[in-house]
*Asks:* 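My questions all concern the structure below.
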Amino acid sequence: MDKREFESDMTRFILEDKRNIVENVRIFEAPLFTYGSPVDSMYQDLKDKKEANLPDLILPKEWLSSAKTCIAGFLPFTEQVRFANRGGDWAAQEWLYARIEGQAFINELLQRGTAYLKGKNCDTVVPSLSENFHSIENMGSNDWFTDGESYTSTWSERHNAYICGLGTFGLSKGLITKKGIAGRYFSWITEADFEKNHRTYSRIYEYCTQCGACIHRCPVEAINEKTGKNHDICAVFLNNTRKRFSPRYGCGKCQCGVPCEHQIPDKNKKAAEA
Ligand code: SF4
Ligand code: SF4
């Protein structure tokens, strides 16, 4: 199937639909897409690795036995959202819109993409919208190579994105893409046989310079240069933001005002120089 036609339809929706604007805040820029194989051995490795703590991971072929492609998408937040969240200890209003209304918009996008692919007679599953999806709250912070995490899930957007060639992890445990780390990930598993991307990296932290800027941005010292992000400290703070901003919540300070915010950072540039 022609990926250009699919991407063009999804991109038009993102850029033109009014739900991508909340209270005069435009949430997302144009997306990135990459395409991986549902039988990539890395999915099974991920499930088997004790350190990854994803024993409940449902493999792509278990989500959809006839699957031919895993699609990984990244929606970068706009400059308006990212810049607003560069200062202060609490999330900017723009970030809160992006986090909550933005996720609702992504769910619309996922449904639109599913209808598009099914309209081409290609059965398609969205793990994150499936009744078989479950996660321990704030699991989105887990780390492939870190022991002792208490969060798990039946699907991980960021690990799928890594496997499909979209980017590599950062110290703050987000995924750094060529449009940076500040944004949201999503995926489809489909019978559509799209041409696959090849991973252009071999190491899980390849794009992260370990500059340490995200350490200094975190208001609750949840990130450490040796051990990465402490997910429990981060989760407690996020819960506090729920109390303050209910019905919204969010933080994202470690993704804004850092060298990897909107690009793959310059390997030779350390935080002090940035
Ligand atoms: S701010 Fe620096 S250390 Fe933190 S994730 Fe980005 S590149 Fe890595
Ligand atoms: S989301 Fe906020 S609390 Fe969590 S690690 Fe990033 S900056 Fe720290």
Side-chain angles (χ1 to χ4, degrees), residues 74 76-77 81-100 102-103 135-146 148-151 156-159 161-162 166-185 201-246 248-274:
F74 177 66
F77 290 139
V81 171
R82 290 182 282 109
F83 280 25
N85 205 42
R86 282 181 169 184
D89 285 346
W90 295 97
Q93 187 64 49
E94 289 88 338
W95 188 269
L96 298 171
Y97 289 148
R99 191 67 188 74
I100 305 305
Q103 186 58 49
S135 70
I136 305 296
E137 197 171 1
N138 293 317
M139 161 276 156
S141 319
N142 79 2
D143 176 3
W144 204 315
F145 291 131
T146 302
E149 296 306 334
S150 55
Y151 308 117
S156 166
E157 300 295 0
R158 289 170 310 120
H159 288 91
Y162 178 85
L166 198 52
T168 81
F169 286 78
L171 189 66
S172 61
K173 303 301 180 269
L175 200 81
I176 303 172
T177 72
K178 65 181 184 185
K179 288 195 176 182
I181 200 169
R184 302 291 293 165
Y185 304 89
Y201 41 78
S202 54
R203 289 176 293 110
I204 195 159
Y205 292 112
E206 194 161 313
Y207 294 165
C208 175
T209 60
Q210 302 289 314
C211 69
C214 51
I215 297 173
H216 304 296
R217 293 288 294 124
C218 179
V220 287
E221 300 180 8
I223 306 172
N224 178 288
E225 64 177 337
K226 291 199 173 63
T227 54
K229 180 154 94 174
N230 181 311
H231 310 294
D232 292 326
I233 295 175
C234 176
V236 167
F237 183 66
L238 284 176
N239 272 334
N240 286 338
T241 71
R242 283 178 208 273
K243 289 175 200 156
R244 185 179 178 112
F245 299 118
S246 179
R248 300 183 182 85
Y249 67 94
C251 172
K253 296 296 175 184
C254 52
Q255 299 174 24
C256 300
V258 294
C260 59
E261 177 188 286
H262 195 55
Q263 61 187 356
I264 297 171
D266 183 339
K267 284 264 177 205
N268 301 315
K269 210 181 257 180
K270 300 295 178 197
E273 303 161 3

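The chain is numbered in sequence order, starting from 1. This one's a predicted model, so the numbers in the text were calculated from it and none came from an experiment. Numbering of ligands and ligand atoms starts at 1, following listing order.
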*Asks:* Under a 3.5 Å distance rule, please check whether Thr168 uses its side chain to pair with a backbone N or O of Tyr207 as donor and acceptor.
*Replies:* yes
*Asks:* Around atom 6 (Fe) of ligand 2, find the nearest protein heavy atom and jot down its residue, atom name and distance.
*Replies:* Cys254 SG, 2.4 Å
*Asks:* For atom 1 (S) of ligand 1, what's the nearest protein heavy-atom neighbour? Residue, atom name and distance, please.
*Replies:* Cys214 N, 3.5 Å
*Asks:* Is there a donor-acceptor pair under 3.5 Å between the side chain of Lys178 and the backbone N or O of His262?
*Replies:* no
*Asks:* Looking at atom 4 (Fe) of ligand 2, is one of the N, O or S atoms of Cys218 less than 2.8 Å from it?
*Replies:* no
*Asks:* Which atoms of ligand 2 have any heavy atom of Pro219 under 4.0 Å away?
*Replies:* 7 (S)
*Asks:* Would a distance-only check, ignoring hydrogens and angles, find a side-chain to backbone donor-acceptor pair under 3.5 Å from Thr241 to Gly250?
*Replies:* yes
*Asks:* Would you please determine whether Gly250 falls within less than 4.0 Å of ligand 2 on a heavy-atom basis?
*Replies:* no
*Asks:* Using a strict cut-off of 4.0 Å, indicate which atoms of ligand 1 neighbour a heavy atom of Gly212.
*Replies:* 2 (Fe), 3 (S)
*Asks:* Would Glu221 and Ile233 satisfy side-chain contact (heavy atoms from CB on, under 4.5 Å), going step by step from the backbone distance to the final call?
*Replies:* CA-CA 8 Å; Glu221 300 180 8; Ile233 295 175; over 6 Å; no
*Asks:* Atom 8 (Fe) of ligand 1: which of Cys260, Gly170, Cys208 has the nearest heavy atom?
*Replies:* Cys208
*Asks:* Relative to Tyr205, does Arg203 satisfy both conditions: NZ or CZ under 6.0 angstrom from the six-membered ring centre, and within 45 degrees of the ring's axis?
*Replies:* no
*Asks:* How does Val258 reach ligand 1, if at all, at less than 4.0 Å between non-hydrogen atoms: by side chain, backbone, both, or neither?
*Replies:* side chain
*Asks:* I'd like to know: is atom 2 (Fe) of ligand 2 within the 2.8 Å range of an N/O/S atom from Cys251, strictly under that distance?
*Replies:* yes
*Asks:* Cation over ring, Arg82 on Phe77, under 6.0 Å and within 45°?
*Replies:* no
*Asks:* Please find out if less than 6.0 Å separates the ring center of His159 from that of Phe169.
*Replies:* yes
*Asks:* Got a sec: does the CD of Gln103 have more than 12 other heavy atoms crowding it under 6.0 Å?
*Replies:* yes
*Asks:* Which residue supplies the protein heavy atom nearest to atom 5 (S) of ligand 2, what is that atom called, and how far is it?
*Replies:* Lys229 CD, 3.3 Å
*Asks:* With heavy atoms of Phe237 as the reference, note each atom of ligand 2 found under 4.0 Å away.
*Replies:* 3 (S)
*Asks:* Answer yes or no for Cys211: is there an N/O/S atom below the 2.8 Å cut-off from atom 2 (Fe) of ligand 1?
*Replies:* yes
*Asks:* Counting from 1, what ligand 2 atoms have a heavy atom of Gly252 closer than 4.0 Å?
*Replies:* 1 (S)
*Asks:* Start with the C-alpha gap between Glu261 and Phe83, add the side-chain angles, then the distance that decides, and say whether side-chain contact (heavy atoms from CB on, under 4.5 Å) holds.
*Replies:* CA-CA 10 Å; Glu261 177 188 286; Phe83 280 25; 4.0 Å; yes
*Asks:* Considering only the protein, which heavy-atom contact is closest to atom 4 (Fe) of ligand 2, and what is its distance?
*Replies:* Cys234 SG, 2.4 Å
*Asks:* Looking only at atom types and distance, does a side-chain atom of Tyr201 sit under 3.5 Å from a main-chain N or O of Tyr162, one as donor and one as acceptor?
*Replies:* yes
*Asks:* Using a 4.0 Å cut-off to any heavy atom of Pro265, which atoms of ligand 1 qualify?
*Replies:* 7 (S)
*Asks:* Heavy-atom pairs closer than 4.0 Å: do any link ligand 2 to the side chain of Ser172, the backbone, both, or neither?
*Replies:* neither
*Asks:* Give the contacting part of Val220 toward ligand 2: side chain, backbone, both or neither, where contact means a heavy-atom distance below 4.0 Å.
*Replies:* side chain
*Asks:* Should Gln255 and Trp95 be marked as a side-chain contact (heavy atoms from CB on, under 4.5 Å) after you check the CA-CA gap, both sets of side-chain angles, and the distance that decides it?
*Replies:* CA-CA 11 Å; Gln255 299 174 24; Trp95 188 269; 3.6 Å; yes
